[in-house]
Amino acid sequence: MAGIGRKTDTWGSRFGFIMAAVGSSVGLGNFWRFPFTAGENGGGAFIIIYLACVLFLGLTVLMAEYAIGRKSGMSAIEGIHSLSRAEGKSSNWGAVGWIGSLAAFFILTFYIVISAWVIEFIPQALSGSFQGFAEEAAKQTAAAQAADPNAAAITIADVSTQNFVKSIGDKILVGAFLIAFIVVNVFIVARGVKGGIERAATILMPAFFVLLIGIVGFALVKGDAAAAADFLLRPDFSEVGFGTFLAAVGQAFFSLSVGSCLMITYGAYLSRDTNIPRASGIIAGADTLVALIAGFAIFPIVFAFGADPAGGPGLFFISLPIAFGAMGDLGIYVGSAFFLLALFAALTSSISLMEVAVSWLEERQGVTRPGAAIGIGFVLFMIGMGYVFSGAFIDFADFVTGNVMLPLCALLVAVFAGWVMSRHMFESELGEGNVMNIWRFMVRWVVPPALGFILVFGTLDSLQGFGLQLPGFLTALLGPNVVAG
Ligand code: TRP
């Protein structure tokens, strides 16, 4: 039996930990979820709210999670449980870990599907099929206008959209890649933290970063940089509603990997000589930088080729192929390398999502690590296939897990760290100086009320977008700023 108790495995080095944590944070959330969420929520104003959420809410909760993890030396559920016992508080607080862990698990169920889409685009990039978009658009336009001289021209963006829809509609192929992706995850997680997760992240993250910068360069030169800057940097607050705030909080937490208690588990492997506030700052900074860079890689192309910025989850898979196609032969190399590295970035995140469930099974149920990894892999396969074959529900699952469960868990973590635990409990983790004072103020007085408010009103507002009818007084209260789900 693996035994309940402090983790004995630790990160190999401080750099390795930072890379694994950055690897967890930087993933599909940055280059797939961030651009389409920003696009659906109007761009600039959303981004400002998003940055505020990272700085004031995300960072505070991130530090709380690391502090709880290192202090207890255990994974999410057990860690919270043991600290509340040490303070003589109700052991029901362990339930917080449950909400977070379930959120991580359900995020993983669709995360692997999007990752399978990414895999599917690698052979497409390699075979040069994006290079044929312009010709295909001309052909379709000619055909349409032969039938009706007044027919609108078919654009490259239309062709890329068709390509995306066709790609994710190929259920057998997506299913096969889904299985492949799950197998790799199981294999890495089964090998443990140091040998698997840390090693993979240390090699892959820097390479990804370099390639992303290269693509931004291209997008700024060849795309419509002015329109993108206008969209991303000029805030228009007239469209902002409670739903926008919820989307921003959800995106911030999803992207930082905060609010699932995962970082409690990662904190448990953290050595004493790591400075938690500094590490949190580096991780949040790197994650935010990658999201912004991804925005500047994707939107110039969106505007130059007339794609729809509010086009939803397909945005990444529609706009980038256009860019790679426009690069000529170079696009074959850049495109395939990019989707490959995007896959690696997704992998370093998915293994962290998987670590939550696996470390719990290992610790609590006395299952061996490989056994736990294989079992979870099997359940993931069942649910993932459900998404692939139904072709639906990802939007809603993404909303419930990312925008509701993560903020809810984060709210409870903040109340736990700020109000249930005493200050001296975390002095060994966060010091006794100004950083501690500011953190404690934020975690007590800022995070819980802000999150509580945004959760209640934002959820109601967003559910209207999913078609829920609210009583009239609530609709009046929420005002006209209803975002379309
Ligand atoms: N942050 C990752 C991304 O942006 C996804 C992720 C990994 C995550 N671990 C998490 C999200 C834990 C929420 C909770 O792709």
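Indexing begins at 1, ligand by ligand and atom by atom, following the structure's order.
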Evaluate [X] for polar contact with ligand 1, using N/O atom pairs at a separation under 3.5 Å.
X: L28; answer: yes
X: F254; answer: yes
X: I107; answer: no

- When the ring centroid of W93 is compared with that of F416, is the distance short of 6.0 Å?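 Yes, the ring of W93 comes within the 6.0 Å limit of the ring of F416, centre to centre.
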- Query: Do W439 and F426 make the cut of ring centroids closer than 6.0 angstrom?
  - Reply: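 Centroid separation for W439 and F426: below 6.0 Å.
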Show which atoms of ligand 1 fall inside a sub-4.0 Å distance from at least one heavy-atom site of [X].
X: Y111; answer: 2 (C), 3 (C), 5 (C), 15 (O)
X: L262; answer: 9 (N), 10 (C), 12 (C)
X: S255; answer: 1 (N), 4 (O)

- Task: Just do the ring-ring contact (aromatic ring centres under 6.0 Å, His included) check on Y50 and F34 with the steps written out, would you?
- Result: CA-CA 10 Å; Y50 170 79; F34 176 76; 5.1 Å; yes
- Task: Select one of side chain, backbone, both or neither to describe which atoms of S352 lie under 4.0 Å from any atom of ligand 1, heavy atoms only.
- Result: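 Under 4.0 Å from ligand 1, S352 contributes side-chain atoms alone.
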- Query: With a 4.0 Å heavy-atom cut-off (strictly under), which part of D287 contacts ligand 1: side chain, backbone, both or neither?
  - Reply: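 The answer is neither.
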- Query: Is the shortest side-chain N to carboxylate O distance from R70 to E65 below 4.0 Å?
  - Reply: no
- Message: Any carboxylate oxygen within less than 4.0 angstrom of a Lys/Arg side-chain nitrogen, looking at E120 and K166?
- Response: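 Looking at E120 and K166, the cut-off is not met.
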With respect to [atom], which of [options] exhibits the smallest heavy-atom separation?
atom: atom 2 (C) of ligand 1; options: A21, G27, S24; answer: S24
atom: atom 14 (C) of ligand 1; options: A103, S260, A410; answer: S260
atom: atom 6 (C) of ligand 1; options: S115, A345, S257; answer: S257

- Task: Write out all pairs satisfying side chain to side chain donor-acceptor pair (under 3.5 Å) with one or both partners inside residues 53-62, taking only residues at least two apart or from two chains.
- Result: none
- Query: In terms of residue, atom name and distance, what is the protein heavy atom nearest to atom 10 (C) of ligand 1?
  - Reply: L353 CD2, 3.2 Å
- Item | Pairing residues for F299 by the ring-ring contact (aromatic ring centres under 6.0 Å, His included) criterion, not counting sequence neighbours |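 Scan of F299 (ring-ring contact (aromatic ring centres under 6.0 Å, His included), adjacent residues dropped) gives F231.
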- Message: Against ligand 1, does W32 come closer than 4.0 Å with any heavy atom?
- Response: no
- Query: Does S25 come within less than 4.0 Å of ligand 1, judged by its heavy atoms?
  - Reply: yes
- For F208, the option from F344, F31, F339 that meets ring-ring contact (aromatic ring centres under 6.0 Å, His included): F31
- Answer yes or no: does atom CH2 of W419 have more than 12 heavy-atom neighbours from other residues, nucleotides or ligands under 6.0 Å? yes
